[in-house]
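A quick note: this is a predicted structure, and the numbers were derived from the prediction, not measured.
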Amino acid sequence: MGEAVLQETAGGAPRSLDEVDLFAPGAQEHWYEAYAILHAEAPVQRLAGEGLTPDSDAFVLTKYEDVRRVVMDWDRFPPTLSLLVAQIQQSGQMPAHIPDIDAMVASIVSLRPTPELWRAHRKELTDPWVGPGCTRHAGMIAGHVEDLIAGLRAKARAGEPVDFVAEFARPLPQRVMADVLGFPQEDIPRLEQWGNAQVMSYVVGTTHKNILTPEQTQEKFRLLAGMKEYVAEQTREKRSRPRDDMVSFLTQVEYQALGRKLTDDEINGVVYAMVIGGLETTQYALAEQAQLLCERPGLLPRLRDDRAAIRTFIEEGMRLRSPTQGLSTRICAQDEVFQGVHVPAGSMLHLRWAAANIDADEFEDPLELKLDRKAATRHLAFSQGPRSCPGSNLSRLEQTIAWDRLLDAFVGMEYAPGNDFRHQGGIMLGIYRLLLNLTPA
């Protein structure tokens, strides 16, 4: 991490393998020190008794070659969610003993339970809006960027610091996703509440499995109350009066993979996935990239002079400071060996994308931000393979437009007094606030 962060948090950094616990309270402030230890001493870390059942284990993978091998092979390393989907399909009903079955899981069961249908779902339903087809949103994104920059510029001209998270990085993807889905901008506070509830387990959940207490689960669904009704209301309206937005498209499209149109509940599941995936990643990426600019004084003027380098800067930023650090998303269908470590069939795998992205065996000078790095997109911040992030194109477009316009507006960016560089818990690299002094162009 950056020097400023290390200075603020040096007291609790792990010094040996025995002190490395990626999921302990406060661990997020020292993840990158922990990755160095894991790479050197335990690139495959066993979590005894933390598998799917109490008598099985989980394993943390931190090497690029291992993580990529897993994400590229659905058959040998099926998603943990596929077990739940299979259970639901076999029983014919949602399991009552799992309280947090949500709309997205229900839609997966009917729309994309297999790798083939997963690919069709992406190609037919999401790619036209948040995948390769996201370029249709460029003008809309630029409008929101300019509007938010106007607020930053006014404070900068008054000599006031800005909170880059609250005043730019967070509201930009919220505004963009509302417009993509076709929801009114005035409804963003509700979308934010629902988005926060959806990712609650990834922020306050414990262990690598992001487990919520019964009370936290109850609070999650209290906060989510009303989302299904809201989306249903929007869906009904757009079925009768479709517009140029994603929800209208979903109400009208003939899903060729299944030879039919989507139900209201299936549309609700797709929207649920868009909200959970479309807000956080872009916010965290922008905030970390701003810190990289502050910590490398010559970088901002270099990017101002060479706008083509923005694309590599974005990729390097996500590689160095991965928004989602890791997830326990896969299991072993058979016995495997990683880095000489035997991993039994049925073991859970925690894929630590952030550690893989700074693996010296894959990336030369892995802790350096290189604007001339070859194949800069090969990082794993969005995963790879059939289950890579469907909204990665949209996120990249938002980041590209944002930095191009920010570089037009400001010639200087530095930390303002008052930063504590604290991050939220869980598995995402989300800084709470980022106070900056900006110098207008």
Pair [X]-[Y], side-chain donor/acceptor within less than 3.5 Å:
{"X": "R190", "Y": "Y230", "value": "no"}
{"X": "Q325", "Y": "Y32", "value": "yes"}
{"X": "Y284", "Y": "E288", "value": "no"}

Please work out which of the three classes, parallel, tilted or perpendicular, describes the rings of [Y] and [X], given edges at 30° and 60°.
{"X": "F338", "Y": "F77", "value": "tilted"}
{"X": "Y255", "Y": "H121", "value": "perpendicular"}
{"X": "F249", "Y": "W129", "value": "tilted"}

Distance-minimising heavy-atom pair for [X] and [Y]:
{"X": "Y64", "Y": "D359", "answer": "N-OD2, 3.0 Å"}
{"X": "L181", "Y": "V247", "answer": "O-CG2, 3.2 Å"}
{"X": "Q198", "Y": "V275", "answer": "OE1-CG1, 3.3 Å"}
{"X": "T251", "Y": "R239", "answer": "O-NH1, 3.1 Å"}
{"X": "H39", "Y": "A355", "answer": "CE1-O, 3.0 Å"}
{"X": "L224", "Y": "Y272", "answer": "CD1-OH, 3.7 Å"}

So how far is it from [X] [atom1] to [Y] [atom2], rounded to the nearest 0.5 Å?
{"X": "W194", "Y": "D187", "atom1": "CH2", "atom2": "CG", "answer": "7.0 Å"}
{"X": "R122", "Y": "C389", "atom1": "CZ", "atom2": "SG", "answer": "7.5 Å"}
{"X": "N268", "Y": "S107", "atom1": "CG", "atom2": "OG", "answer": "8.5 Å"}
{"X": "R311", "Y": "T400", "atom1": "CZ", "atom2": "OG1", "answer": "5.0 Å"}

Presence of salt bridge, [Y] and [X], under 4.0 angstrom:
{"X": "E146", "Y": "R405", "answer": "yes"}
{"X": "E362", "Y": "R68", "answer": "no"}
{"X": "R236", "Y": "D264", "answer": "no"}
{"X": "R76", "Y": "E336", "answer": "yes"}
{"X": "R296", "Y": "E316", "answer": "no"}
{"X": "D163", "Y": "R170", "answer": "no"}

Could you tell me whether [X] atom [atom1] has more than 12 heavy atoms of other residues or ligands within 6.0 Å of it?
{"X": "R302", "atom1": "CZ", "value": "no"}
{"X": "E364", "atom1": "CD", "value": "no"}
{"X": "K209", "atom1": "NZ", "value": "yes"}

Review point. For F313 and L293, what are the C-alpha separation, side-chain angles and deciding distance, and is it a side-chain contact (heavy atoms from CB on, under 4.5 Å)?
Key: CA-CA 10 Å; F313 164 67; L293 287 170; 3.8 Å; yes
Practice item. State, with a plain yes or no, whether a side-chain heavy atom of V71 is found less than 4.5 Å away from one of W353. Key: yes
Point to revise | cation_pi(R319, F363) dist<6.0 Å, angle<=45 | key: yes
Practice item. Test E266 against R112 for salt bridge (charged side-chain N to carboxylate O under 4.0 Å, His left out), laying out the working first. Key: CA-CA 11 Å; E266 288 169 341; R112 46 183 173 143; over 6 Å; no
Exercise for review: Dump the intermediate steps for side-chain contact (heavy atoms from CB on, under 4.5 Å) on D179 and Q185, then the final yes or no.
Suggested key: CA-CA 7 Å; D179 274 357; Q185 291 286 309; 2.9 Å; yes
